[in-house]
Number of protein chains: 2
Amino acid sequence: MEIKSRIWIEKDGKPFIGFGKIQLLKMVDEEHSISAAAKRLNMSYKKAWNLLNDMELLAEQPLLVKYIGGKSGGSTTLTAYGKALIKTFDALNNKCETFLNKEFKPETHGIY
Amino acid sequence: MEIKSRIWIEKDGKPFIGFGKIQLLKMVDEEHSISAAAKRLNMSYKKAWNLLNDMELLAEQPLLVKYIGGKSGGSTTLTAYGKALIKTFDALNNKCETFLNKEFKPETHGIY
DNA sequence: TAGCGTTATGTCTTATCGAATATAGCGAAT
DNA sequence: ATTCGCTATATTCGATAAGACATAACGCTA
């Protein structure tokens, strides 16, 4: 018996960042490529692109620097703002999880 | 810009209780009827029944006391254990939300 | 004993979402 | 100029989930 959680940040009532999108951002940061990131996360390129696009549309600063064409066909890297988002979210998520684990002890609640 | 969260409790890796199921339990508690609760939550009787059944199968103590037939066709009420679940979950959820709201101040993270 | 409203459960259809497919543009390298 | 791999974007297709529908058991009431 364990407690789980998902947190996300909304903007104008619309989902801005959450677990999946942050994971995707991390992969893009590592791979310097949307398609490679999508592959590693076992999702279609289109889905990854849509998720990133949704974020970008909601953000007031760009998250990604994209190059089309070039020696390897293209590339995508994160802006400082994009990297900051990852850090912020991870920190918050960790805090939340440790808080909940400390708070939730099945026995003390009479749940078996 | 605001932070949102969903918490749930798992048992053997399977979802036991979460936001929706707790909401349903509350309605059943008020209505003394699965069908009436489903109606108020705008879901089909079958869906409500399935959700409740899933919980019951995972719980080690019964959550519901059901009567079939009778003057109004039947009824369903909560056991003490069922009511305890609601209380526990609500308390935990509230704590989590206030914690996150206190923790998350967009400005301090540089998120605009 | 016929009717009613509820719980109980299976089946069948519909709707939604994601995946696959298709097509185009780009720019460096050869 | 041609090729290549990536970004970009619309459209079609299929699988899965949600919902509608159907049917039965039950026991009180009239």
Side-chain angles (χ1 to χ4, degrees), chain A residues 6 8 14-15 17-59 61-79 81-83, chain B residues 6 8 10 13-16 18-59 61-79 81-83:
Chain A
R6 277 288 151 92
W8 68 95
K14 283 169 288 190
I17 55 175
F19 187 80
K21 285 176 184 165
I22 289 294
Q23 205 178 12
L24 180 56
L25 276 186
K26 284 180 188 170
M27 285 295 162
V28 172
D29 194 28
E30 286 180 20
E31 299 286 341
H32 304 297
S33 157
I34 296 176
S35 72
K39 214 164 281 176
R40 276 189 56 187
L41 289 177
N42 243 56
M43 69 174 73
S44 67
Y45 170 82
K46 180 166 170 66
K47 178 170 181 182
W49 185 87
N50 280 333
L51 290 172
L52 294 170
N53 192 241
D54 289 346
M55 292 178 72
E56 204 92 72
L57 288 178
L58 238 52
Q61 292 184 36
L63 302 170
L64 302 170
V65 182
K66 300 171 185 177
Y67 296 102
I68 307 177
K71 70 166 183 270
S72 62
S75 72
T76 300
T77 55
L78 297 201
T79 63
Y81 182 61
K83 291 180 186 180
Chain B
R6 275 289 153 92
W8 68 95
E10 291 191 356
K14 283 169 287 188
F16 178 38
F19 187 81
K21 285 175 183 166
I22 289 294
Q23 204 177 14
L24 180 56
L25 277 186
K26 283 180 189 171
M27 285 296 163
V28 172
D29 194 28
E30 285 180 22
E31 300 287 342
H32 305 296
S33 156
I34 296 177
S35 73
K39 215 165 279 174
R40 275 187 60 187
L41 289 176
N42 243 56
M43 70 175 73
S44 68
Y45 170 82
K46 181 168 172 64
K47 180 171 181 180
W49 186 86
N50 280 334
L51 290 173
L52 294 170
N53 192 240
D54 289 345
M55 293 180 71
E56 203 93 70
L57 288 179
L58 240 52
Q61 292 184 36
L63 302 170
L64 303 169
V65 181
K66 301 169 183 176
Y67 296 101
I68 307 177
K71 70 163 182 276
S72 63
S75 72
T76 299
T77 54
L78 298 200
T79 62
Y81 183 61
K83 292 182 184 177

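Numbered from 1 within each chain, the chains take letters A, B, ... in sequence-line order. Here the structure is a predicted model, which is why all the values come from computation and not from measurement.
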Which whole-number value in Å describes the distance from [X] [atom1] to [N] [atom2]?
| X | N | atom1 | atom2 | answer |
| --- | --- | --- | --- | --- |
| B:L52 | C:dT7 | CG | P | 10 Å |
| A:D54 | D:dT9 | CG | P | 12 Å |
| B:M43 | D:dG19 | CE | P | 9 Å |
| A:L51 | C:dA19 | CG | C1' | 14 Å |
| B:N50 | C:dA8 | CG | P | 12 Å |
| B:L64 | C:dA8 | CG | P | 9 Å |
| A:Y45 | D:dG5 | OH | C1' | 11 Å |
| A:K46 | D:dA10 | NZ | P | 7 Å |

Among D:dC28, C:dA29, D:dA20, find the nucleotide with the atom closest to the side chain of B:S44.
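The answer is D:dA20.
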
Given C:dT7, D:dT7, D:dT29, which nucleotide is nearest the side-chain atoms of A:I68?
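My answer, after comparing the listed nucleotides, is D:dT7.
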
What does A:G69 touch in the nucleic acid at a heavy-atom separation under 4.0 angstrom: a base, only the sugar-phosphate, or nothing?
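Result for A:G69 = base.
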
If you count every heavy atom of other residues, nucleotides or ligands that lies below 6.0 Å from A:K66 atom NZ, does the total exceed 12?
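Yes, NZ of A:K66 has more than 12 neighbouring heavy atoms, counting only those of other groups under 6.0 Å.
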
To the nearest 0.5 Å, what is the distance between [atom1] on [X] and [atom2] on [Y]?
| X | Y | atom1 | atom2 | answer |
| --- | --- | --- | --- | --- |
| B:L51 | B:L41 | CG | CG | 10.0 Å |
| B:D54 | B:W49 | CG | CH2 | 8.5 Å |
| B:L63 | B:T79 | CG | OG1 | 5.5 Å |

Show your reasoning for whether side chain to side chain contact (heavy atoms under 4.5 Å, CB included) applies to B:L52 and B:L25.
CA-CA 8 Å; B:L52 294 170; B:L25 277 186; 3.8 Å; yes

More 5' along DNA chain C: A:K47 or B:N53, using each one's nearest nucleotide?
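Closest to the 5' end, via its nearest nucleotide, is B:N53.
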
Counting only heavy atoms and a strict 4.0 angstrom limit, can you tell me which residues of residues 29-42 of chain B come near DNA chain C?
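Of all residues in residues 29-42 of chain B, the ones placing a heavy atom under 4.0 Å from DNA chain C are B:S33, B:I34, B:S35.
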
Salt bridge check: are A:E31 and A:K39 linked by an N-O gap of less than 4.0 Å?
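Not counted as a salt bridge, because no side-chain N and carboxylate O are separated by less than 4.0 Å.
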
If you pin A:W49 and A:S75 to their nearest nucleotides in DNA chain D, which one's is more 5'?
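Of the two residues, A:S75 wins.
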
For DNA chain D, whose closest nucleotide is more 5', that of B:S72 or that of A:G70?
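With B:S72 and A:G70 compared, the 5'-side residue is A:G70.
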
Presence of B:T76 side-chain N/O under 4.0 Å of C:dT7 phosphate oxygens OP1/OP2:
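Looking at the OP1 and OP2 atoms of C:dT7, one of them is under 4.0 Å from a side-chain N or O of B:T76.
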
Atom of A:L24, atom of A:A37 and distance for their closest heavy-atom approach:
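So the two residues come closest at CD1-CB, 4.2 Å.
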
